[in-house]
Amino acid sequence: MPGPDTPTPAQSPPGGTPGGPGAPRGRDIYPFDEIEPRSRKRWADLELFRQDLEDNSKKFYVLNMFPYPSGDLHAGHGRNYIMGDVVARLHMMRGHQVLAPMGFDAFGLPAENAAIQNQTPPAEWTERNIARMRAQFDDWGVGFDWDRALASCRPDYYRWTQWLFLKLYEKGLAYRGSAPVNWCPNDKTVLANEQVLDGACERCGTPVILRELEQWFFKITEYAQQLLDDLALLEGWPEKVRTMQHNWIGRSEGAEVHWQVEDPPHAGPHELVTFTTRIDTIYGATFVVLPPAHPALATLVTDPALREQIDTLARAQAKHQAEHSFAEPVKEGLFTGRYLLHPLTGARVPLWVANYVVMGYGTGVVQCVPAHDTRDYEFAVKYGLAIPQVIAAPAMRETWDPSRGDKLNDGEGWEQVAGAKIYVGDGVLVESDKYTGMPSVEARAQITAELESKIAGRFRVQFRLRDWLVSRQRYWGAPIPVVYCNKDGVVPVPEDQLPVLLPTDIEFRPAGDSPLTTSPTFLETTCPRCGGPARRETDTLDTFVDSSWYFLRFLSAHDSTQAFDSEAADRWLPVDQYIGGVEHAILHLLYARFITKVLFDLGLVHFREPFRHLFTQGMITKGGIKMSKSKGNTIAPDYLIKRYGADTCRVYTLFIGPPEKDAEWSDAGVEGAFRFLNRYYRIVEPRLSLLPASLAPMPALGDRALALHRATHHALSRATIDFAEFKFNTGIASMMELINAISLDAQDEPDSFVPGSDRAWAMGEALRLLTIMLAPVAPHVCEEIWQRSGLSSGAGGTVFRMG
RNA sequence: GCCGGGAUGGCGAAACUGGCAGACGCAGCGGACUUAAAAUCCGCUGGCCGAAAGGCCGUGCAGGUUCGAGCCCUGCUCCCGGCACCA
């Protein structure tokens, strides 16, 4: 039993300063370099993170978004994984069956670029990085069930990604279509709209150009309504992410309107269909516009000179959209020479081509009401088109409301445009035949009904969401399992012939077509249907397809007979806690939700949403910008761990600020965390025997002992609540408060801590409970204390399974 | 432009959602220990006035509600994120 309190010098380990040459100089610091390997070995021996999936009665599936194996983890990554590890360990301590797997999102461009640069096969480069990153996770003390590790680039994984493609194809959810696509001239690849940031390639920053290609799409739009509706089920998601998805899906209600073409061309369309959310303004529609690239123009416009002008406009619009410059382009248009007939008034309405209409939303044809739409107004003014008012704004509020200051609230629904003020809000209809005097809301319903009865229109729901373009003209991805046969056309590769393996006889060049087209062994094949000669699809799948289902594969990581076991999936999913960066708030999460719903409809899973709770952590910045390899502002964990130990890195990373907010890295802050752990160790280490002693029944407590007892339980309850709510920063703060209280108490004279005394009991309790609450954050040192104090005799022999 | 979030000491931030503003940490200052320094331990640390006791002011700005407002309401300013000619 250690002497109660002779001022004990901090324990310097025998044999010199820990931490090696980089360690802080001349300090008495706790021997983390001896403790940490010891604790890690213990957990490895105990297989602390192994999960055999047998008992799901108290299952807890915690998942970190799997990383791209770029080569090195840095301190910025740590936030995600350390948080996940804390959550996993917390639930273990509560007696839950924790499933904490990890994998690698291993297809993608960097491996291919590295291959071009170093002439190393992408697989080799990738596997090397995976090995290195796995070791780094270990160094952080971040535990996973590595037995279930997967990498999306391995055939035993992408075989099932290909299987997933076939399932979608069978259901008619994967289709081939021609589309103008974003083309990055640098990476020589097609980019999804989502991968274009401000007109430039997300990855390399090169301005993208448009190109027409045959592409594979997933019909996510078929699930738009479900994806929107089920956001309501996601109570465990940040409001911000739900809002972003809501806006991305972008539902609006309106009407489509059929306009007869006056004197239609023989081969051309006899009517054009517009979509509008403001059918109440239809009496003010004085022209209709088409984008210059609209296919109907081919037959509607026959004059070669005009056609040429339209094509020029189309090219300019395409260029502008591709470059996506911030300035809105000047509105430009051309009269097609044709007229449409207004479905309600029969009036002749001119048909124009305009560069402010986008293909791909609604019908691509827009009826224009210049009096009540800023864009139409601008266009009408420029080209001298009529601007009749058909909506009367509600009377301005003229009451002088003192609580609103001295301003009149007259701005609602009014917009400033081209030097004029126009009303774009709802109001009362004027100059609208029998609807005159009717409020907008009612008029919308009635006019839609009339159009429906005349078969000249109908109610329509429109989404902003577009189908998911999954083709990539790259090598390092899952080959799309399809062949093209001269006789049978598009033929899916039968399931029992999967995987379609990536060939290795590939030449990696910085430019040119998809590398797969350069491999004759790959390209030439036989048709699975007729046995005749056929050609393989050379496109590979978007890596977002790989990551749209990986959370299922962890359950069946070694199963070579199926993608995942449905029964196990139903028992262990949804993921209870998903953790990752907010940059995936839209795409990855939307795609994973979509695929889950498809699998639900296929009867392969019986839950509708894959992730019950989601936490999106802020990034760690250095010098105000995101820590990243390319910016050269990373903090290497290896260095920090060597100097301060993994526990200090963990405490600091969690204490740095509210986890959902960005935080600036500070070396001084790391020192603070280190000081805290040193303090803990310095106080607890000489008093180890007090910890088990405090398991004895509570004696009558004097004032001092009672105060410490209360402080202990105050801290425990705060830390428990805060950790459950992901408020790790304040949870750690409460532990720091407790160590301050303990420290003051511990300075008292030796007599105060005679064994069996109330002070000794309270001190033992404080140190024991602090060790428990600190354990998920600083697991190594707490495990050490737990072992050395003899508390480990319980069920699991570790602080994380206290029995 | 539309949608969402935010603004609190020298700095990162707390404030259990209407009840002592600034917990905890960093930085700084003072003291103990030391030949000295480092480390450690103790104390101080929003601003102004005051020797002190104490007083006054203070949560982006202007108002309001309330016994009481960082928190609720109205109107602004600025910052961050998402979407963006979506009809």
Side-chain angles (χ1 to χ4, degrees), chain A residues 7-10 12 24-29 198 238-248 250-252 254 274-279 281 285 288-289 291 317 320-321 324 326 328-331 354-369 372-376 378-379 401-407 409 415-417 424 462-466 582-583 585-586 618 651-652 655-658 660-673 675-676 678-679 682 714 717-718 721-722 725 727 729-740 743-744 746-747:
Chain A
T8 316
S12 249
R25 320 153 307 276
R27 292 186 188 171
D28 296 320
I29 60 181
D198 299 329
E239 195 59 48
K240 174 193 165 108
V241 174
R242 290 203 281 174
T243 303
M244 280 164 71
Q245 293 220 348
H246 187 274
N247 294 340
W248 187 261
R251 182 185 198 271
S252 43
T274 58
F275 172 75
T276 179
T277 54
R278 290 299 304 274
I279 194 67
T281 64
V288 170
V289 294
Q317 188 187 15
H320 186 273
Q321 276 175 2
H324 206 292
F326 285 103
E328 271 189 14
V330 178
K331 291 188 172 41
N355 66 344
Y356 70 96
V357 181
V358 297
M359 291 283 299
Y361 181 79
T363 60
V365 189
V366 178
Q367 61 191 59
C368 300
V369 184
H372 303 292
D373 182 281
T374 54
R375 299 153 302 183
D376 300 343
E378 234 181 293
F379 192 80
D401 185 345
S403 72
R404 290 165 174 266
D406 56 2
K407 279 190 173 177
N409 180 21
E415 291 285 345
Q416 195 80 34
V417 60
V424 301
Q462 180 63 44
F463 294 95
R464 207 196 70 104
L465 183 69
R466 313 287 164 89
V582 74
E583 66 272 19
I586 297 176
V651 169
Y652 173 64
F655 187 64
I656 193 167
E660 70 280 3
K661 279 179 64 178
D662 291 351
E664 172 72 12
W665 183 269
S666 139
D667 291 334
V670 181
E671 290 277 348
R675 218 170 289 168
F676 166 61
N678 271 297
R679 220 162 163 217
R682 194 175 294 123
H714 177 74
S717 103
R718 263 194 64 187
I721 292 167
D722 287 352
E725 295 175 355
K727 293 178 184 168
N729 54 330
T730 51
I732 291 171
S734 72
M735 296 181 210
M736 288 172 166
E737 280 178 66
L738 179 57
I739 201 89
N740 288 343
S743 169
L744 284 177
Q747 285 168 48

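In this text, all values refer to a predicted model and were calculated from it rather than measured experimentally. Note on naming: letters A, B, ... go to the chains in the order of the sequence lines (proteins, then strands), and numbering restarts at 1 for each one.
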For [N], the Watson-Crick or wobble partner whose two distances fall under 3.5 Å:
| N | value |
| --- | --- |
| B/A15 | none |
| B/A7 | B/U77 |
| B/U40 | B/A32 |
| B/U66 | none |
| B/A87 | none |

Provide the distance between the two [atom1] atoms, one in [N] and one in [M], to the nearest whole Å.
| N | M | atom1 | answer |
| --- | --- | --- | --- |
| B/G64 | B/A13 | P | 32 Å |
| B/G28 | B/G10 | C1' | 9 Å |
| B/A23 | B/A14 | C1' | 5 Å |
| B/G19 | B/C71 | P | 11 Å |
| B/G47 | B/C29 | P | 15 Å |
| B/G46 | B/A53 | P | 14 Å |
| B/C26 | B/C33 | C1' | 24 Å |
| B/C57 | B/G50 | C1' | 15 Å |

Under 4.0 Å, counting only non-hydrogen atoms across every strand here, what does [X] touch: a base, just sugar-phosphate, or nothing?
| X | value |
| --- | --- |
| A/S734 | nothing |
| A/V365 | nothing |
| A/G672 | sugar-phosphate |

Out of [options], which nucleotide sits closest to the side chain of [X]?
| X | options | value |
| --- | --- | --- |
| A/S743 | B/A87, B/C42, B/A23 | B/C42 |
| A/T276 | B/A27, B/A87, B/C83 | B/A87 |
| A/L744 | B/G43, B/U40, B/C24 | B/G43 |

Item checked: Side-chain heavy-atom pair A/V288, A/V365 within 4.5 angstrom cut-off -> yes
Notebook entry, point to check: B/G58: syn or anti, with syn meaning chi within 90° of zero?
Noted result: anti
Notebook entry, point to check: Is the base of B/U40 syn or anti, where syn means the angle lies within 90° of 0?
Noted result: anti
Take atom [atom1] of [X] and atom [atom2] of [N], then tell me their distance rounded to the nearest Å.
| X | N | atom1 | atom2 | result |
| --- | --- | --- | --- | --- |
| A/I279 | B/A87 | CD1 | P | 14 Å |
| A/E737 | B/G22 | CD | C1' | 13 Å |
| A/R682 | B/C42 | CZ | P | 11 Å |
| A/N678 | B/A39 | CG | C1' | 10 Å |
| A/M735 | B/A23 | CE | C1' | 15 Å |
| A/M244 | B/C80 | CE | C1' | 13 Å |
| A/R242 | B/G81 | CZ | C1' | 18 Å |
| A/F379 | B/A87 | CZ | P | 18 Å |

At under 4.0 Å, does any side-chain N or O of [X] touch on OP1 or OP2 of [N]?
| X | N | answer |
| --- | --- | --- |
| A/N740 | B/C42 | no |
| A/R464 | B/A87 | no |
| A/Y361 | B/A87 | yes |
| A/Q367 | B/A87 | no |
| A/R675 | B/A27 | yes |

Margin query: Just by distance, no angles: are the side chains of A/R464 and A/N247 close enough, under 3.5 Å, to form a donor-acceptor pair?
Written below: no
Next item on the list: Go through the structure and list residues passing side-chain hydrogen bond (donor to acceptor under 3.5 Å, both in side chains) with A/R718, not counting sequence neighbours.
Entry: A/E737
Quick check against the 3.5 Å criterion: does [X] have a side-chain atom that pairs as donor or acceptor with the backbone of [Y]?
| X | Y | result |
| --- | --- | --- |
| A/Q747 | A/S743 | yes |
| A/Q317 | A/V357 | yes |
| A/Q245 | A/A585 | yes |

Item checked: Residues forming a salt bridge (Lys or Arg N to Asp or Glu O under 4.0 Å) with A/R278, sequence neighbours excluded -> A/D280, A/D426
Item checked: Rounded distance (nearest 0.5 Å) linking atom CD1 of A/I739 with atom CZ of A/F676 -> 6.0 Å
Notebook entry, point to check: According to the interplanar angle, ranging from 0 to 90°, do the rings of A/Y356 and A/F379 count as parallel (below 30°), tilted (30 to 60°) or perpendicular (above 60°)?
Noted result: tilted
Next item on the list: Heavy atoms under 4.0 Å is the rule here; annotate nucleotides 3-18 of chain B 5' to 3' with B where the base is hit, S where only the sugar-phosphate is, and - elsewhere.
Entry: S--------BSS----
Next item on the list: Answer yes if the ring centres of A/Y652 and A/W665 are under 6.0 angstrom apart, and no otherwise.
Entry: yes
